[in-house]
Amino acid sequence: MNSYEIAVIGAGMAGLTCAQQLQQMGYQVVVLDKSRGVGGRIATRRVGAHVVDHGARYLEPQGPLTERLIQILVEQQKLHLWSDRMAVLPADQSLQSLPKGSTSPGLPRYVAPSGMTTIPKFLATGLTLYLGQWVKGLTLTPERTWQLQLESNQPDCPETFTHLEARSLVIAIPAPQALALLSPLPDRVFPAESLNLLQSITYDPCLSIMAGYPDDRLQALESAELDWRAIDCPGDSHLQWIGWDHAKRSQAKAPISSPIS
């Protein structure tokens with residue numbers, strides 16, 4: 001059985017950041033995720049020659065660690081500031097273009113020209129990762145170690161295995177997925193009060209629409225000289241954001257918009 005000091009379930013931003021911090025402190029860490037790639041809700045889709053972000057649209061400096069990460073990625077030319085030609089659509093529905101180079105209300109926004117998955121891929125550097133591994137169950141042994149029962153989503157993977165052991169466990173996945181793992185555990189292992197807290201977490205539904213346009217429309221749209229590249233909709237109860245996603249990339253093949261409701 002593969003054995004590690006710490007197993008991190010979830011290869012999203014939280015799981016990868018946690019794993020990197022622990023590994024830098026000297027712990028032997030493994031990261032598992034049911035998906036075929038890292039990033040979680042930071043997702044980039046490639047369709048032919050086109051690239052579009054359909055998860056996180058940008059990265060904001062929301063604390064010292066995020067600020068440091070942004071600084072490193074900017075220095076490595078993986079991120080750049082995206083604040084050119086922004087607009088706001090307030091409650092009265094009158095579009096307000098902001099001065100060139102300014103940002104709409106909030107923090108500066110940084111984007112990755114090659115797709116936002118650049119960020120989790122960078123965070124995954126140097127980590128031991130097992131992707132396509134679905135953690136089906138957890139067991140706390142009498143020796144106080146965790147046994148993880150696994151099922152591979154990639155049966156052709158040469159590193160497929162069914163069990164893994166760890167002295168400590170970090171669960172960095174959405175609450176409904178965490179509940180499926182933790183609810184079967186006895187109360188002495190995971191108290192009912194903690195389970196109730198997880199059950200109280202709710203999510204707002206979100207629909208991300210990626211709209212592509214034919215190549216022959218690109219020149220016409222670019223020549224239209226729109227006053228915006230992205231629109232914030234703080235006054236709308238349904239629509240949150242509209243953006244020309246291709247504007248993040250200097251060599252986009254075709255215009256792509258990504259409204260999110």
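Side chains are part of it too, since the values below use all heavy atoms of this structure and drop only hydrogens, waters and symmetry mates.
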Leu181 and Ile173, any side-chain heavy atoms less than 4.5 Å apart: yes
Heavy-atom donor-acceptor pair, Lys34 side chain to Glu151 backbone, under 3.5 Å: no
Shared hydrophobic cluster, Leu65 / Leu69 (ILVMFWY, side-chain heavy atoms < 4.5 Å): no
N/O donor-acceptor pair under 3.5 Å between Thr44 side chain and Thr117 backbone: yes
Solution key, residues 20-30 side-chain donor-acceptor pairs under 3.5 Å, sequence neighbours excluded:
| unit_1 | atom_1 | unit_2 | atom_2 | d |
| --- | --- | --- | --- | --- |
| Gln20 | NE2 | Leu123 | O | 2.7 |
| Gln20 | NE2 | Thr125 | O | 2.7 |
| Gln23 | NE2 | Gly126 | O | 3.0 |

side-chain hydrogen bond (donor to acceptor under 3.5 Å, both in side chains): pairs with one or both residues in residues 182-199, sequence neighbours excluded: none
Heavy-atom donor-acceptor pair, Tyr58 side chain to Pro108 backbone, under 3.5 Å: no
Leu150 and Tyr130, any side-chain heavy atoms less than 4.5 Å apart: no
Trp134 with Trp146, same ILVMFWY side-chain cluster at under 4.5 Å: no
Spacing of CD belonging to Gln149 relative to NE2 belonging to His163, to within rounding of 0.5 Å: 5.0 Å
Shortest non-hydrogen contact from Gly10 toward Val31: O-CG1, 3.8 Å
Side chain proximity check, Val74 to Tyr110, heavy atoms < 4.5 angstrom: yes
Audit row: Gln133, Ser152, side-chain contact (heavy atoms from CB on, under 4.5 Å) steps and yes/no: CA-CA 5 Å; Gln133 300 291 334; Ser152 177; 3.8 Å; yes
Closest heavy-atom pair and its distance - Val8, Ala19: CG2-CB, 4.2 Å
Stepwise side-chain hydrogen bond (donor to acceptor under 3.5 Å, both in side chains) check, Gln71 with Glu75: CA-CA 6 Å; Gln71 179 184 355; Glu75 289 173 354; 3.3 Å; yes
Contact check, side chains of Phe122 and Lys78, non-hydrogen atoms, under 4.5 Å: yes
Any residue meeting side chain to side chain contact (heavy atoms under 4.5 Å, CB included) with Pro184, in chain and number order, not counting sequence neighbours: none
Heavy-atom pair with the smallest gap, counting every atom of Gly115 and Val51: CA-CG1, 4.4 Å
Rounded distance (nearest 0.5 Å) linking atom CD1 of Ile231 with atom CG of Leu239: 8.5 Å
Lys/Arg N to Asp/Glu carboxylate O, Arg229 vs Asp245, below 4.0 Å: no
Asp53 side chain to Gly55 backbone, donor-acceptor under 3.5 Å: no
Donor-acceptor pair, side chain of Thr17 and main chain of Ala14, under 3.5 angstrom: no
Closest approach of Trp82 to Ala247 (non-hydrogen atoms, all atoms of both residues): NE1-O, 4.0 Å
Inter-residue atom distance Gln62.CD - Leu59.CG, 0.5 Å rounding: 8.0 Å
Worked verdict on Thr141 versus Gln147 for side-chain hydrogen bond (donor to acceptor under 3.5 Å, both in side chains): CA-CA 7 Å; Thr141 71; Gln147 286 189 1; 5.7 Å; no
Arg57 and Trp241, any side-chain heavy atoms less than 4.5 Å apart: yes
Atom pair CD1/CD1 of Ile171 and Ile9 - distance to nearest 0.5 Å: 5.0 Å
Rounded distance [0.5 Å steps], CG in Leu179 versus CG in Leu197: 10.5 Å
Non-hydrogen atoms of Ser208 and His54 that approach each other most closely: OG-O, 3.7 Å
Chi angles and distances behind the side-chain contact (heavy atoms from CB on, under 4.5 Å) call for Val38, Lys121: CA-CA 7 Å; Val38 297; Lys121 287 176 181 177; 4.1 Å; yes
Side-chain heavy-atom pair Leu138, Leu169 within 4.5 angstrom cut-off: yes
Rounded distance (nearest 0.5 Å) linking atom CG of Leu148 with atom OG1 of Thr162: 11.5 Å
Minimum-distance pair of heavy atoms, taken over all atoms of Leu198 and Phe190: CD1-CZ, 4.0 Å
Leu127 and Leu16, any side-chain heavy atoms less than 4.5 Å apart: yes
Heavy-atom check, side chain of Leu32 versus side chain of Leu164, under 4.5 Å: yes
side-chain contact (heavy atoms from CB on, under 4.5 Å) between Thr128 and Tyr4, worked out: CA-CA 10 Å; Thr128 299; Tyr4 297 87; 4.0 Å; yes
